[in-house]
Amino acid sequence: MEKSLPLAVQSVPAGRPHSNNALRRILSVGLLLTLTIYLIWPYLLANEDQSRSFGREVSKAACKQPDALFPATDNQALELMWEHLSTESFRNASIVRHSGAVKIDTSSFDDMGPVGEDKRWDVLYAFHDYLASTFPRMHEDLKVEKVNTFGLLYTWQGSDESLKPLVLMAHQDVVPVPASTVDAWTHPPFSGHYDGRYIWGRGSSDCKNQLIAEMEVIEMLLTAGFEPKRTIIMSYGFDEEISGRQGAGHLSKFLIERYGENSVAAIVDEGAGFSEQWGQVFALPGVAEKGYSDVSIIVRYNGGHSSIPTDHTSIGIASELIAKIESMQYPTYLAEQSPMLGLMQCAASHAPAFPKKLKKLLHKHSPPKSCKRKPDELAVALAEIGGRPARYLMQTSQAVDVITGGVKVNALPERTQVTVNHRINIGDTPSTVWHHLTRLAKPLAEKYNLTLHAFDGTKEAPLSISLSGSETTLKTAPITPTSVEGITPYSILAATTRAIYGEQVVVAPGMMTGNTDTRYYWPMTRHIFRFGPGYDPMDGGGLGNIHTVDEKVSVVNHVGMVKWFTLFVRNMDVAELE
């Protein structure tokens, strides 16, 4: 470093006069520069290493993991209960209980009429009888209420009314099994068959397992003499698979009238579970949900005899619009508030095989700030690696699911209806979808001289293209806070998860591509967790073929769920939430 001083002096042109003061100034500046560099050089060297790992350090700060949490107790019965959960006798009894629930077909159908009018709801009477006989203490000792006939509400009053209640949820109904697929099942879909590892059947993992697990926990806590300080509420809808309006829609209103808004400490419902990615096991409680909108498209056009056809029919025009819709995908991007960014930060910090490319892009990522947004390189790269399941956590999805048109082969179809299902990305809104579809439909309406009714309240009209959103249209859910600083519902959930499955499990923010019954409970709390806390390492965190052939759940997964709810209820009971 000292060589810079003579060079500074020598740089003065030969023969140019300068004073001693000027020389002293040059020497002073050079000395100061040398001293400054000498003092800060070690910092610069260290900071060079820090800058290379900036993304990792930031992600560690953003993905702090709480220690495993076990509730203290001097209640020997509670200790014996905990030990009982690991026994063969509990395992066998739990298999019988869950299998029995699966055997009762509680399918809900899209065309179900109101409760009291449509007799298909009546199968729920048998399901309620089964629950009452299987869990007698709950039905004798707790306050049991039925809302809109089949909504089940159990209240275990706590001793401290100043504490906000804890709400546990699940749903009683299941997705129907088409008759044409029954022969494709390894075991009949409502057999509740146990093969030594799995319980098979519709609802075994979506989500009678969660309902039965919660009831098993409450039944055993009652038997063990547990006396909660915090009120525990169990709220079970019966039509979640068809948007939950008659079940959770009524239950939530009932609870809001009783307790008010912002009255609940936390809610746990079905949802995301565990995932093994990049050499790391993650627990992914859903802290957000995508929005929702079914859009009906009705094309009304001239009819006539098919022997003298028009060049295009309503089916053809609708098909042209469908082709446009499917060719124009929504952008893949991560909004600033997306939980997927939190997951990426956790993965960058904890997953040994997290791709270097993603880590670099994570460090550079900034959310799009305009309608004409540039491609989000991080989101695009993650979608390329993770495929469709990852992409649709960062993109509004569109699926043309239903089409009807025409009544006879020799009559031109005067009316064709199409339904397009949308799950709306965080950062988008239902209006994003509606404006997009309007832009696509407008030139077609002009081309065929049809009137365009785009979300103007007109369901359909002659010689028109009509677009309308469904009553079940939903904005994206409010984001659940995920801070683990201090005592928060999320920190207790994470600490409970690590207590059950080990501190090698990383708890990270997850989100749902689908929607749960929690959509009706948003006013009650900011702390909503859509989480299936059962985990079987042999299954790799899978969801057990929900909504399709061979739905099943492993008994290891189910017992893990029972253990998780046991600790979570007790941990929440003693928590001094901030």
Does the distance from a Lys or Arg side-chain N to an Asp or Glu carboxylate O, for R519 and E289, drop under 4.0 Å? no
For a quick check under 3.5 Å, do D269 and T518 share a side-chain donor-acceptor pair by atom type? no
Whether the D239 and S108 side chains hold a donor-acceptor pair (N or O, under 3.5 Å, no angle test) is what I'd like checked. no
Sole residue of T310, I465, T313, I315 in side-chain contact (heavy atoms from CB on, under 4.5 Å) with Y301: T310
So does N545 get a backbone contact from the side chain of T548, meaning a donor-acceptor N/O pair under 3.5 Å? no
Distance-only donor-acceptor check, side chains T186 and K552, under 3.5 Å: no
Side chains of N302 and Y448 only: does a donor on one sit below 3.5 Å from an acceptor on the other? no
Using the ring of each side chain (for Trp, its six-membered ring), is F274 parallel, tilted or perpendicular to Y535, with breaks at 30° and 60°? parallel
So does N410 have more than 12 non-hydrogen atoms from other groups sitting under 6.0 Å from CG? yes
Test item: side-chain donor near acceptor, D376 and H365, under 3.5 Å: yes
Any side-chain heavy-atom pair of Y490 and P285 under 4.5 Å: yes
Residue pair Y198 / D539, side-chain donor-acceptor N/O under 3.5 Å: yes
More than 12 heavy atoms of other residues, nucleotides or ligands under 6.0 Å from CZ of R120: is that the case? yes
Test item: side-chain donor near acceptor, Y330 and T432, under 3.5 Å: no
So does H435 have more than 12 non-hydrogen atoms from other groups sitting under 6.0 Å from NE2? no
Will you find, in the side chains of S464 and T451, an N or O donor that is under 3.5 Å from an N or O acceptor? no
Do D195 and W200 come close enough that some side-chain heavy atom pair is under 4.5 Å? yes
d(I426 CD1, M394 CE) to nearest 0.5 Å is 12.0 Å
Heavy atoms from other residues, nucleotides or ligands near CG of N449 exceed 12 (cutoff 6.0 Å): no
Can you name the nearest heavy-atom pair linking A477 to R530, along with the distance? CB-NH2, 3.7 Å
Will you find, in the side chains of Q417 and S296, an N or O donor that is under 3.5 Å from an N or O acceptor? yes
Tell me, do F529 and T480 make a side-chain contact under 4.5 Å, heavy atoms counted? yes
Could you tell me whether the side chains of Y392 and N425 share a donor-acceptor contact shorter than 3.5 Å? no
Testing the 3.5 Å rule here: is there a donor-acceptor pair between the side chains of H305 and S307? yes
Decide yes or no for L378 and L341: does some side-chain heavy atom of the first lie under 4.5 Å from some side-chain heavy atom of the second? yes
Heavy-atom distance under 4.5 Å between the side chains of Q246 and P114, does that happen here? yes
Contact check, side chains of R245 and N148, non-hydrogen atoms, under 4.5 Å: no
Validation row: C63, H350 side chains within 4.5 angstrom (heavy atoms): yes
Do F238 and W121 have their ring centres less than 6.0 Å from each other? yes
Is the closest side-chain heavy-atom distance between T438 and F455 below 4.5 Å? yes
